[in-house]
Number of protein chains: 2
Amino acid sequence: MARRSTRQPSSTDDLDTRKAAILEAVVREHIDTAQPVGSSAVAATGHLAVSSATVRSEMVTLEREGYLAQPHTSAGRVPTDKGYRYFVDHLQAGVVGEAQQQQIKDFFANVRGEVEDVLAQTSTLLSQLTSYTSVVVGTGHAQSAILSTQLVSLDARHQLLVTVFADGSVTKHSVLSSFDVSHVEVAEASRQLNALLIGTVLDARVQVPSRLDHVATLVREAVATLHAEVPTLDGEQVFIGGSSKVAEAFDGVDTVRQVLAILEQELLVVSLVQDILDQGLSVAIGSEHGFEPLVSCAVIVAPVTIDGHPSGAVGLLGPTRMKYSEAMAAARAVSAQLTHHFDGDDRA
Amino acid sequence: MARRSTRQPSSTDDLDTRKAAILEAVVREHIDTAQPVGSSAVAATGHLAVSSATVRSEMVTLEREGYLAQPHTSAGRVPTDKGYRYFVDHLQAGVVGEAQQQQIKDFFANVRGEVEDVLAQTSTLLSQLTSYTSVVVGTGHAQSAILSTQLVSLDARHQLLVTVFADGSVTKHSVLSSFDVSHVEVAEASRQLNALLIGTVLDARVQVPSRLDHVATLVREAVATLHAEVPTLDGEQVFIGGSSKVAEAFDGVDTVRQVLAILEQELLVVSLVQDILDQGLSVAIGSEHGFEPLVSCAVIVAPVTIDGHPSGAVGLLGPTRMKYSEAMAAARAVSAQLTHHFDGDDRA
DNA sequence: TGTTAGCACTCAATTCTACTGAGTGCTAAC
DNA sequence: GTTAGCACTCAGTAGAATTGAGTGCTAACA
């Protein structure tokens, strides 16, 4: 049960049962209706046998303590980020519905294709399951050993370095040489590259030949090109599904535009997801992720592991008033299945 | 100057100079303001020395002939798809502004990385230049000869078939064998695959070995896996840039959602662009592309060729009241530069 | 014959008003 | 501590009046 340690350090983060029940009712109702929730509506839920007046006075407290807010004097209450946080940490508990469970099962039973395809389709699945925009992140191959490299000649000046990693990923890098290279030379360079690189990881130091002949130069250039990838987000893959859901989930064209603009910058999305995971959170609500343009969003993440070590994540992005229970359950179910899928019998 | 031959076959598609001038004024103004344009606004442009009354009577004709429409009785006129079409075919003429020309130049001077990266970045560029959503399509490698294949062993049962094509594209395919395979066998299979496939195109028939030993089986499976790709859109690549612009360009959350949903289905986008190109058009306005959900959109396309043969396209998607001149000019400029880029000195 | 000024007419959009009602905070009684 | 009662607030709505942009028509004009 992750919790923010920063922000509101003074609050004890504990509510008596009744306050909690009222908060829960407000959150539930507001998620449902998108409207401010009044004291009488809470009293009418029947979960607590008190009058609206009592609810009202409790609400004043809840508001003072920062769990609720009032859009204007004569309106009901709306949960704050802190209110949602309490709800998520203490109150909600979701399971995936029968039908959805089945849908997930069917999906993973039938899905085929390369890892990338599976991830992309998973993203679509998750978005369909929840009606929120989904993000699937696959970590790069920086820590994966190189299984094989091959230098292929496109023409006299252009070679293509194709590298296969132990995790099954493949990269290609163009190598432009400043002199004409024969097929024989390319083949020899390819052989040397294999000898040099097989078994190493991307950021390992390797001993490149210092000679000045064509082959050695080619080898040096190839290694340099390959290693140039390391500093950038190496081979991180992002798959975003259901970006059209953004238009449904948020009102206000401006918010929609802003969120979409963020989603376009995939690096941002990756680091956002990574940040949240690093904090040990599974949900970041509103301002919690400290990412200004997304204050009106909540982000749910669930890690995916392969053979025990972290190798990606699935995420969901929705409005702060999203259906946490369902969405979190779906994210967890999918991430578990995904983990299972890649751990399991076939890697294809 | 492409023109639709279907639809409105009765119309002569010719307007006298004054009508044309009025239509032009209406289109220009409406693109600018997004509001219906009145007769006095047209008269006030100064481009024609007549009173608003005269403009009015001409507008009645233009409306009767289908170039203009009136949202309601006491409003100005708005161009119809046909009106825009006339405008595009006869009236607009755009050049790319200094600054933009420079931006394009700078971009292509500095861009580096693999083809995919270039295309993705180009898509972003085009979207930034025009403030519309851009689509960059790269055709597949179906017609490209295979330069090299390599079978790499991930573990005893899993192999990865990596194929390099003459156009510089690389594919990977998982091959799952039903028996354990040794490294030696994989190496031998890899050698045979090379012998078999190098120089062929994807949909070519190749003579696979019919023997039943491990190596032969492996070879058969690998070839089958590779060839299974042909029927689908083989290696078509789509890069969509600036989907957030959708939220700006269209009003009405519903339209935004619909357009975004279309953009998510990349196959649809590819076939849309392809359709328009096949019709010899460079712009499809509203209902012209016959694609119901996009009736409020206009799509601009410009082909990209490599070494003379068509190998992709750049496109822009905006509202029917988009800035055709600028957008078309930008699309043309970028497609030309892209063509040049890939024809030119370096392929990287 | 084509053009234009003038005018009555239409109708969306705006403004204003009054009103409604959901919801509050406070208080006094239980 | 709880609750009924009440005065108060204020967004939202509905209706009426007004505005004004724009039209179509007609009659006069070059």
Side-chain angles (χ1 to χ4, degrees), chain A residues 15-80 83 251-252 321, chain B residues 15-80 83 251-252 321:
Chain A
L15 297 175
D16 64 61
T17 354
R18 197 168 67 184
K19 285 205 185 60
I22 291 173
L23 176 55
E24 180 178 1
V26 172
V27 173
R28 291 225 130 86
E29 185 73 11
H30 182 252
I31 285 176
D32 238 45
T33 63
Q35 299 288 325
V37 182
S39 55
S40 52
V42 172
T45 57
H47 290 238
L48 45 154
V50 290
S51 76
S52 66
T54 311
V55 173
R56 217 136 57 215
S57 70
E58 294 284 49
M59 278 172 136
V60 176
T61 319
L62 283 168
E63 182 172 1
R64 198 163 36 226
E65 293 181 359
Y67 295 96
L68 296 176
Q70 224 177 351
H72 58 86
T73 338
S74 70
R77 298 317 205 281
V78 157
T80 59
D251 29 29
R321 51 166 280 275
Chain B
L15 297 174
D16 64 60
T17 357
R18 198 168 66 185
K19 286 204 184 60
I22 291 173
L23 176 56
E24 179 176 2
V26 171
V27 173
R28 292 224 128 88
E29 186 74 10
H30 182 253
I31 286 177
D32 238 44
T33 64
Q35 300 289 324
V37 181
S39 54
S40 50
V42 173
T45 57
H47 290 237
L48 46 155
V50 289
S51 77
S52 68
T54 311
V55 173
R56 219 135 57 215
S57 69
E58 293 284 48
M59 277 173 137
V60 177
T61 320
L62 282 168
E63 183 172 3
R64 198 163 38 225
E65 292 180 1
Y67 294 97
L68 295 176
Q70 224 175 352
H72 59 84
T73 339
S74 71
R77 285 351 195 264
V78 157
T80 60
D251 28 29
R321 49 166 281 276

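Atom set for the values below is all heavy atoms of this structure, side chains included, hydrogens, waters and symmetry mates excluded. Letters A, B, ... are given to chains in the order of the sequence lines, protein chains preceding strands, and every chain is numbered from 1.
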Study note, to complete from the structure: Closest heavy-atom pair, B:E58 versus B:D16, reported as atoms and distance to 0.1 Å, is OE2-OD1, 4.5 Å

Practice item. Tell me which of A:A53 and A:A41 sits closer to the 5' end of DNA chain C, going by the nucleotide each one is nearest to. Key: A:A41

Point to revise | OG1 on A:T54 to CZ on A:R18, rounded to 0.5 Å | key: 6.0 Å

Practice item. Please report, rounded to the nearest Å, how far the P atom of D:dT2 is from the CD atom of A:E58. Key: 7 Å

Table please: side-chain donor-acceptor pairs of residues 33-42 of chain B below 3.5 Å, with sequence neighbours left out.
from	atom 1	to	atom 2	distance (Å)
B:T33	OG1	B:E29	O	2.9
B:T33	OG1	B:Q35	N	3.2
B:S39	OG	B:R56	NH1	3.4

Check your understanding: Sub-3.5 Å donor-acceptor pair from the side chain of A:T80 to the main-chain atoms of A:G66, do we have one?
Key -> yes

Review point. Nearest of C:dC11, C:dA5, D:dC10 to any side-chain atom of B:S51?
Key: C:dA5

Review point. Considering all heavy atoms of both residues, which atom of A:A21 and which atom of A:L48 are nearest to each other, and what is their separation?
Key: CB-CD2, 4.1 Å

Exercise for review: Among D:dG5, D:dC10, C:dT3, find the nucleotide with the atom closest to the side chain of A:H72.
Suggested key: D:dC10

Review point. Does the side chain of B:T45 reach to within under 4.5 Å of the side chain of B:R28, using non-hydrogen atoms?
Key: no

Check your understanding: When you check the phosphate oxygens OP1 and OP2 of D:dT2, does a side-chain N or O of A:T54 lie under 4.0 Å from one of them?
Key -> no

Check your understanding: Between A:R77 and C:dG23, is there a side-chain N or O to OP1/OP2 distance below 4.0 Å?
Key -> no

Practice item. Identify the heavy atoms of A:V55 and A:A43 that sit nearest to each other, and give their distance. Key: CG2-CB, 4.1 Å

Check your understanding: What nucleotide among C:dT10, C:dT3, D:dT3 has an atom nearest to a side-chain atom of B:S74?
Key -> C:dT10

Check your understanding: CG/B:L15 to CG/B:L62 distance, rounded to the nearest 0.5 angstrom?
Key -> 6.0 Å

**Study point:** Rounded interatomic separation in angstrom, taking CZ from A:R56 and P from D:dA7
**Key:** 15 Å

Check your understanding: Please give, in whole Å, the distance from D:dG1 P to A:L48 CG?
Key -> 17 Å

Review point. Which one, D:dT23, D:dC10, C:dC26, comes nearest to the side chain of B:Q70?
Key: D:dT23

Practice item. Could you tell me whether the phosphate oxygens of C:dT3, OP1 or OP2, come under 4.0 Å of any side-chain nitrogen or oxygen in B:R18? Key: yes

Study note, to complete from the structure: Here the helical stems involving DNA chain C, each at least 3 consecutive Watson-Crick or G-U pairs closer than 3.5 Å, sorted by first residue number, are C:1-30 with D:1-30

Check your understanding: Can you check the A:R64 CZ to C:dT24 P distance for me, whole Å?
Key -> 15 Å

Revision key, fill the gap. Shortest non-hydrogen pair, B:P71 vs B:V78, comes out as CG-CG2, 4.1 Å

Practice item. To the nearest Å, give me how far apart CE (A:M59) and P (C:dC26) are. Key: 15 Å

Check your understanding: For the side chain of A:T73, counting heavy atoms from C-beta on, which of C:dT4, D:dT9, D:dT23 is nearest?
Key -> D:dT9

Check your understanding: When you measure from every atom of DNA chain D, which of residues 27-39 of chain B have a heavy atom less than 4.0 Å away?
Key -> B:G38, B:S39

